[in-house]
Amino acid sequence: MNLHEYQGKEILSSFGVRIQRGIVAHNHKEAVDAAKELTNETGTSWYVVKAQVHAGGRGKGGGVKLAKNLQEVESISNDIIGMMLVTPQTSAEGKKVNQVLICEDVYYPGESETEEYYMSVLLNRETGRNMIMYSTEGGMDIETVAEETPHLIFTEEIDPSLGLLAFQARKIAFNLGLSGGALKEMVKFVSALYTAYIKSDSSMFEINPVLKTSDNKIMAVDAKVTLDDSALYRHKDYAEMRDLREENPIEVEANAAGLNYVDLDGNVGCMVNGAGLAMGTMDLIKQSGGEPANFLDVGGTADAERVEKGFRIILKDPAVKAILVNIFGGIVRCDRVAQGIVDAYKNMGDAIQVPIIVRLQGTNAIEAKQLIDASGLPVHSVVEFQEAADKVQEVLA
Ligand code: GDP
Ligand code: MN
């Protein structure tokens, strides 16, 4: 589950990670109030207005702007709230901005230059260990740095039985070119950040930039936090942070219906029981010259109601040109699934405008095929995997 910047910062702060202070506002009036409160709290006289959407690159898209007085806070917030923000990480139509974070300005001049660093915490799947990735080249496009100057990105792996050791935090601070008070601050920052990552059951933190202020404080200016869904039951307060407006509406609906659905870019909808079979079916579709439009696992009980829900969800994607149902009747009998498909089809009337290929294998597969053939519906019933592939190819041609 992804969070907004302000929610991520809230979590970081609760574990003692220093952050750029900010207050959320839903309209320009709240924005001005937030700015006044920030000045009372921090003494800041400039502010940053930051669009809160689940996408990075907001600065490049005009979603992060500096305001030098309350009038500018008001007018900039008014412009940003409600806009469709397009960034390198959104679709061409962009994401609607429902709220902004009004932040204190932390790039004020002082005894030293400000510096922007990159830092992330994530799991290295190859070694099965958490790692901290960091670079002096923060604030800009880290993907470009990774591609063109990968030697500027450092990695520190953490032994799960020992946790982050003091020397590792010092090494990171040292490699970032810090010394004196700033080095000590960075050591504290890195330790608190790693503790926050572990205790919040996160699967990714990306802090870009981590800022060294002109008076040598180290703080998170941005926060991209991804929580591990499987651990949300341990964090009821984090679970409540979910913002469904930011998520794929079809996935949200499928999720609510208890279906395991992932939206993909292709043209062939899949309805399958079991994740392994779903993978195999997606491969099959690719081999037949199609591209899977989704991953949908209806689970063990493929009754008429679930099958109908599955069809309805798959058909919400306008790119779908055909649907392949591939179900193994182990616990559930094939003829019952077939009856479910026939009932769903009849129930939905004209809603199904694309060819359906059904492959049912397992208990009572023959009866299932007879049932579908006898229904007179335009459903192609096949028994073998290869037949299904050939049929997909045929209907797409
Ligand atoms: P992103 O573009 O979505 O990654 O959003 P960020 O939160 O990283 O902000 C984008 C950029 O805004 C940062 O890289 C900073 O250069 C700039 N920025 C953020 N906070 C401040 C601030 O307090 N003062 C100034 N002058 N610039 C800021
Ligand atoms: Mn950023």
Side-chain angles (χ1 to χ4, degrees), residues 2-13 17-25 31 34-35 37-39 41-70 72-73 76-77 80 83-91 94-110 112-122 133-146 153 193 204-226 243 246:
N2 292 324
L3 297 179
H4 285 294
E5 174 196 356
Y6 78 91
Q7 297 166 324
K9 280 179 166 172
E10 222 171 83
I11 293 177
L12 294 187
S13 180
V17 179
R18 192 198 293 275
I19 55 158
Q20 173 195 39
R21 284 279 301 127
I23 298 172
V24 175
E37 200 176 323
L38 279 174
T39 296
E41 209 181 288
T42 68
T44 191
S45 51
W46 288 2
Y47 313 91
V48 191
V49 181
K50 309 180 82 177
Q52 298 297 290
V53 291
H54 286 191
R58 295 164 302 164
K60 286 183 189 158
V64 177
K65 293 226 162 99
L66 188 66
K68 297 189 177 175
N69 54 52
L70 293 177
E72 287 186 9
V73 169
I76 292 170
S77 301
I80 292 183
M83 85 187 277
M84 292 298 289
L85 180 62
V86 180
T87 84
Q89 294 185 20
T90 66
S91 65
K95 290 203 111 172
K96 171 113 186 273
V97 182
N98 297 302
Q99 53 203 349
V100 290
L101 187 63
I102 307 298
C103 289
E104 59 173 328
D105 169 39
V106 285
Y107 288 62
Y108 46 81
S112 64
E113 290 293 313
T114 58
E115 300 283 350
E116 292 183 321
Y117 310 112
Y118 172 88
M119 192 170 291
S120 57
V121 190
L122 69 166
M133 287 175 73
Y134 61 102
S135 175
T136 52
E137 307 305 298
M140 45 190 281
D141 202 348
I142 196 69
E143 284 82 12
T144 314
V145 178
I153 300 178
L193 192 70
M204 201 211 32
F205 275 2
E206 188 175 53
I207 317 297
N208 188 26
V210 171
L211 180 74
K212 184 192 79 63
T213 62
S214 61
D215 50 355
N216 295 322
K217 291 190 196 112
I218 303 292
M219 65 169 70
V221 165
D222 194 3
K224 189 171 180 200
V225 168
T226 306
D243 186 348
E246 297 290 329

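Note that ligands are numbered from 1 as they come in the structure, with each ligand's atoms numbered from 1 the same way. Throughout, numbering of the chain's residues begins at 1 and tracks the sequence.
When Arg21, Arg58, Lys224, Lys9 are checked for heavy-atom proximity to atom 1 (P) of ligand 1, Arg58 turns out nearest. With Tyr47, Tyr107, Trp46 as candidates, the residue nearest to atom 28 (C) of ligand 1 on a non-hydrogen basis is Tyr107. Considering only non-hydrogen atoms, atom 8 (O) of ligand 1 lies nearest to Asn208 out of Val221, Asn208, Thr87.
For Glu206, the side-chain hydrogen bond (donor to acceptor under 3.5 Å, both in side chains) partners two or more places apart in sequence, or in a different chain, are Tyr118. Applying the side-chain hydrogen bond (donor to acceptor under 3.5 Å, both in side chains) test to Lys212 and every residue at least two apart in sequence or in another chain returns Ser112, Asn216. Scored by the side-chain hydrogen bond (donor to acceptor under 3.5 Å, both in side chains) test, Thr87 finds no partners at all (sequence neighbours excluded).
Of the N and O atoms on the side chains of Tyr47 and Thr39, at least one donor lies less than 3.5 Å from an acceptor on the other residue. Side-chain atoms of Glu5 and Gln52 form a donor-acceptor pair, as typed in the model, at a separation below 3.5 Å. A donor-acceptor pair shorter than 3.5 Å cannot be found between the side chains of Tyr107 and Gln20. Between the side chains of Asn2 and Thr226, a donor-acceptor pair is found at a separation under 3.5 Å. Judged purely by distance below 3.5 Å, without hydrogens or angles, the side chains of Asp243 and His4 pair a donor atom with an acceptor atom.
In terms of polar-atom proximity, defined here as any N/O pair under 3.5 Å, Leu66 makes no such contact with ligand 1. Every N/O-N/O distance between Val64 and ligand 1 stays at or above 3.5 Å. Ligand 1 has an N or O atom lying under 3.5 Å from an N or O atom of Gln20, backbone or side chain. At least one N/O-N/O distance between Asp105 and ligand 1 falls below 3.5 Å.
Within the 4.5 Å cutoff, the side chain of Leu211 has no heavy atoms near those of the Glu115 side chain. No side-chain heavy atom of Ile153 sits under 4.5 Å from any side-chain heavy atom of Tyr134.
Residue contact check: Val106 has heavy atoms under 4.0 Å from atoms 22 (C), 23 (O) of ligand 1. When each atom of ligand 1 is checked for a heavy atom of Glu104 under 4.0 Å away, the hits are 23 (O). Within ligand 1, counting atoms from 1 as listed, the ones closer than 4.0 Å to a heavy atom of Val48 are 20 (N), 21 (C), 22 (C), 23 (O), 24 (N). Per-residue contacts place Pro209 under 4.0 angstrom from the following atoms of ligand 1 (heavy atoms of the residue considered): 8 (O), 14 (O).
Heavy-atom distances between Gly57 and ligand 1 reach below 4.0 Å in at least one pair.
Taking distances strictly below 2.8 Å, the protein N/O/S atoms close to the Mn ion (ligand 2) are Asn208 O, Asp222 OD2.
Not one N or O on the side chain of Lys95 forms a donor-acceptor pair closer than 3.5 Å with the backbone of Met83. Using a distance-only test at 3.5 Å, with no hydrogens or angles considered, no donor-acceptor pair links the side chain of Asp222 to the main chain of Ile207.
Proximity of Lys50 to ligand 1, defined as any heavy-atom pair under 4.0 Å, is confined to the side chain (atoms from C-beta onward).
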